[in-house]
2 protein chains.
Amino acid sequence: MTEAAAINAVMRTLADPTRRAVFERVVKSNEITVVELTRGSGVTQGAISQHLKSLKLAGLVAERPEGRNVYYRAEPEGLAPLVDWMSHYGVFWRERFANLRTLLKEIDP
Amino acid sequence: MTEAAAINAVMRTLADPTRRAVFERVVKSNEITVVELTRGSGVTQGAISQHLKSLKLAGLVAERPEGRNVYYRAEPEGLAPLVDWMSHYGVFWRERFANLRTLLKEIDP
DNA sequence: CTAATGCATTAGTCAACACTAATTTTATCG
DNA sequence: CGATAAAATTAGTGTTGACTAATGCATTAG
């Protein structure tokens, strides 16, 4: 996948609020099943599975089948295209770099 | 505009490749007019104006009318919701923080 | 003043897509 | 073996949205 295609896929995948909410729940959970994701999502199980498929194709989540359940987890490399894009247009970060500094301290104290 | 609405607007606005390309050209130019943006964009002038309207509503660009021309420039605060969102789900940045460190050095040497 | 230029806006069209309901598949439980 | 449960998939539907062509509206040029 080329660079432009990657950022395209990630942006497009995260643009939908429902799908982004699914991703956020996957991030916050270490591992989470489809039924758990469906609960309180406001959409049907089929919709959740479709969103998970999109997220998987974009490289944002990965799956681990176990018996009847399929556990989903976030894929660390998935957001890299977005980070790269923001690095490239990072002139905008200047006014926010205090936040980044704080974040870096949390990451690598 | 609430936090969720802001990230929603930015993500949604940048999801379209054509519109994102317009934004990138605005970023790279200090100021740029609509005709210049239209040239080589592959779409009509009307489409460019529509994309600029979306970008403006999302807070990503600002305009400066001057005579017949309207000069567009990037709005620094516009990407803040995206930065905040990535900070919040920044667990993924760990594998990339070397890049961020380099970027920070460029910003604040 | 008239023509031309830059930009915005409108109406209409076509494709993409998020969703539901239903079905299928696979796997566990009694 | 049924029966149940988790998950994926399919077909069908409604909506959104990106685009064009055309028009409108200023502003500058001749």
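Below, chains carry the letters A, B, ... as their sequence lines are ordered, and counting in each starts from 1.
- The interatomic distance linking B:Glu31 (CD) with C:dC7 (P) rounds to 12 Å, in whole Å.
- Partners of B:Thr38 by side-chain hydrogen bond (donor to acceptor under 3.5 Å, both in side chains), not counting sequence neighbours: none found.
- As a whole-Å value, the separation of A:Asn8 CG from C:dA16 C1' is 14 Å.
- Residues passing the side-chain contact (heavy atoms from CB on, under 4.5 Å) test with B:Ser49 are B:Val34, B:Gln45, sequence neighbours excluded.
- In this structure, B:Ile7 and B:Pro81 approach most closely via the heavy-atom pair CD1-O, 3.6 Å.
- One atom, CG of A:Leu52, and another, P of D:dT9, lie 11 Å apart when rounded to the nearest Å.
- Distance CG (A:Leu14) to C1' (C:dA18): 16 Å, rounded to an integer number of Å.
- Of all the residues in residues 44-51 of chain A, A:Thr44, A:Ala47, A:Gln50, A:His51 reach under 4.0 Å from DNA chain C with at least one non-hydrogen atom.
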Filtered N/O pairs between nucleotides 26-30 of chain C and protein, under 3.5 Å:
none

Which pairs would a plain distance check flag for residues 53-60 of chain B, meaning a side-chain donor or acceptor within less than 3.5 Å of a matching protein atom at least two apart in sequence or in another chain?
residue: B:Ser54; atom: OG; partner: B:Gln50; partner atom: O; Å: 3.3
residue: B:Lys56; atom: NZ; partner: B:Glu63; partner atom: OE2; Å: 2.5

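- Across every non-hydrogen atom of B:Asp84 and B:Glu3, the tightest pair is CB-OE2, 3.8 Å.
- Listed by first then second residue, pairs satisfying side-chain hydrogen bond (donor to acceptor under 3.5 Å, both in side chains) with a partner in residues 17-26 of chain B read A:Asn8-B:Arg20, A:Trp85-B:Glu24, A:Tyr89-B:Glu24, B:Arg19-B:His51, not counting sequence neighbours.
- Protein atom CZ of A:Arg64 is 15 Å distant from nucleotide atom C1' of D:dA7, rounded to whole Å.
- With sequence neighbours left out, B:Ala4 forms a side-chain contact (heavy atoms from CB on, under 4.5 Å) with B:Thr2.
- Every residue two or more places apart in sequence or in another chain that forms a side-chain contact (heavy atoms from CB on, under 4.5 Å) with A:Ala15 is listed here: B:Ala15.
- Only at 4.0 angstrom or more do the heavy atoms of residues 33-40 of chain B sit from any atom of DNA chain D, so none qualifies.
- Computed from coordinates, the A:Arg20 CZ to C:dA18 C1' distance equals 14 Å when rounded to whole Å.
- Not one side-chain nitrogen or oxygen of A:Tyr72 sits closer than 4.0 Å to the OP1 or OP2 atom of D:dA6.
- Between the CG atom of B:Asn69 and the P atom of C:dC7 there is a distance of 5 Å, given to the nearest Å.
- The heavy-atom pair separating B:Thr13 from B:Ala9 by the smallest distance is OG1-O, 2.6 Å.
- For A:Arg73, the side-chain contact (heavy atoms from CB on, under 4.5 Å) criterion is met by A:Glu31, A:Ala62, A:Arg64, not counting sequence neighbours.
- Of the candidates D:dA18, C:dT20, C:dA18, C:dT20 carries the atom nearest the A:Val43 side chain, counting heavy atoms from C-beta on.
- Here the CG-CZ distance, from A:Leu14 to A:Phe23, works out to 6.0 Å after rounding to the nearest 0.5 Å.
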